[in-house]
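This one's a predicted model, so the numbers in the text were calculated from it and none came from an experiment. By convention in this document, chain letters (A, B, ...) are assigned in the order of the sequence lines, proteins followed by strands, and residues within each chain are numbered from 1.
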Protein chains: 2
Amino acid sequence: MAAELDKIDFKILKLLQENGRITNLLLSQEIGLSPAPTLERVRKLEMAGYIKSYHALVDEEKLGLGIKTFIQIQLDFHKNNTIQTFLDEVNQIKEVTECHHVTGQADFLLKVYVSDIKAYERLIMDKISKISVVKTFQTMMIMSTTKKEPIVPLEY
Amino acid sequence: MAAELDKIDFKILKLLQENGRITNLLLSQEIGLSPAPTLERVRKLEMAGYIKSYHALVDEEKLGLGIKTFIQIQLDFHKNNTIQTFLDEVNQIKEVTECHHVTGQADFLLKVYVSDIKAYERLIMDKISKISVVKTFQTMMIMSTTKKEPIVPLEY
DNA sequence: GGTTTTTAAGAATAATATTTTGTTTGTTTA
DNA sequence: TAAACAAACAAAATATTATTCTTAAAAACC
């Protein structure tokens, strides 16, 4: 994609973020073009990497994942390859769905899904606290999430 | 959905989380059914709320959102309707894409996308710190994100 | 002002989604 | 055990949508 994105491209991105399964026909009507150039634009956005992927959003609670938490983790940097060791361990833990390397008091912020408190305790006892390079960690239980939006470009 | 989900349903959820735009034909081949019952299962999962929605995932950096942060916020509960006041204000801020009510030191954890440090300063100065019920806040800049996966049911 | 490039529309074709119908499978009940 | 019922599935027909191709219009460039 040589030039920059225009207003129509942003509108496509916005609509596809909101509804990733909208048909090309509907999409074309929403943006005021015919299906052919609409599809061409979507393909270009995909090819150029503006659209990375498409995903279904599932209801975690209905699937028995009643507990969502963020865990802040401080590492012990007295050992070698501290960060890589940590990342290797964390990647093994399927309950961890996000892992962010952050600035501030903590070194990493993890997002975790488990079914209940017992499962959370097991996660902490058997997995998190067993990672050798973890110095301290602190749990933030998510009581409710009041906003969770797709990222919409700010312009336009 | 009267009964519980079976192995095939979980497989559908997994596949749709990974690729929200997979065609019903491909999906049916992956799970080993014909298109008709496959579609029927997907519709049931949607109707029953197991699948909440579909979304395109965009590349924030390509769209000029170079800075991602988490902000921990402590509220001042000496006023009335502290939480509702906070939520009303936060909902106005388009840079805030997630807002979690959490336990621990902080009361809320926000996820924020902005274009650069200048924009971040403006956000802090003009918006976050102007919310009357905010007592303290602490920024975690995301340096990198090494894991970001859809939630896959743990069973099977 | 003419030329090139880009973008879009329309029409034809291909692929897929969706519906309908009938069959199988499994379960319940007498 | 057999009969009746319900649920799930497959196959085929139809409807809808995606995709490609060709042509026209618009914009950018020289």
- Rounded interatomic separation in angstrom, taking CD1 from B:I22 and C1' from C:dA17: 14 Å
- Message: Measure CG/B:L33 against P/C:dT24 and give the value in whole Å, please.
- Response: 17 Å
- Message: Starting from A:I142 and following side-chain heavy-atom contacts under 4.5 Å between hydrophobic residues (I, L, V, M, F, W, Y), which residues can be reached?
- Response: A:F70, A:V102, A:L109, A:M140, B:F70, B:V102, B:L109, B:M140, B:I142
- With sequence neighbours left out, write down each residue that passes ring pair (Phe, Tyr, Trp, His ring centres under 6.0 Å) with A:H101, or none if nothing qualifies. A:F108
- Query: Nearest to the side chain of B:N24 - C:dA17, C:dA9, D:dC9?
  - Reply: C:dA17
- Task: Check the distance between D:dA8's P and B:D6's CG and give it to me in whole angstrom.
- Result: 8 Å
- Measure from CD on A:E4 to P on C:dT7 and round the result to the nearest Å. 13 Å
- Message: Measure CD/B:E40 against P/D:dA11 and give the value in whole Å, please.
- Response: 16 Å
- Checking C:dT18, D:dA10, D:dA18 against the side chain of A:L39 (C-beta onward), the nearest is D:dA18
- Looking for any heavy atom pair under 4.0 Å, which part of the strands does B:T23 touch: base, sugar-phosphate only, or nothing? sugar-phosphate
- Message: Against B:K127, only a single residue in B:E95, B:R122, B:E89 fulfils side chain to side chain contact (heavy atoms under 4.5 Å, CB included); can you say which?
- Response: B:E95
- Query: Relative to the 5' end of DNA chain C, which residue comes earlier, A:A36 or B:L25, by the nucleotide with the nearest heavy atom?
  - Reply: A:A36
- Task: Whole angstrom is fine here: how far is it from CD1 in B:I8 over to P in D:dA8?
- Result: 10 Å
- When rounded to whole Å, the CG to P distance for the pair A:L26 and D:dT17 reads 7 Å
- Item | Verdict with supporting geometry, B:Q92 and B:D88, side chain to side chain donor-acceptor pair (under 3.5 Å) | CA-CA 7 Å; B:Q92 309 267 341; B:D88 290 346; over 6 Å; no
- Between B:R43 and C:dT18, is there a side-chain N or O to OP1/OP2 distance below 4.0 Å? yes
- Message: Under 4.0 Å from OP1 or OP2 of C:dA8: is there any side-chain N or O of A:R41 that close?
- Response: yes
- Message: Counting neighbours of CD on A:Q29 that are heavy atoms of other residues, nucleotides or ligands and sit closer than 6.0 Å, is the number greater than 12?
- Response: yes
- To the nearest Å, give me how far apart CZ (B:R21) and C1' (D:dT17) are. 11 Å
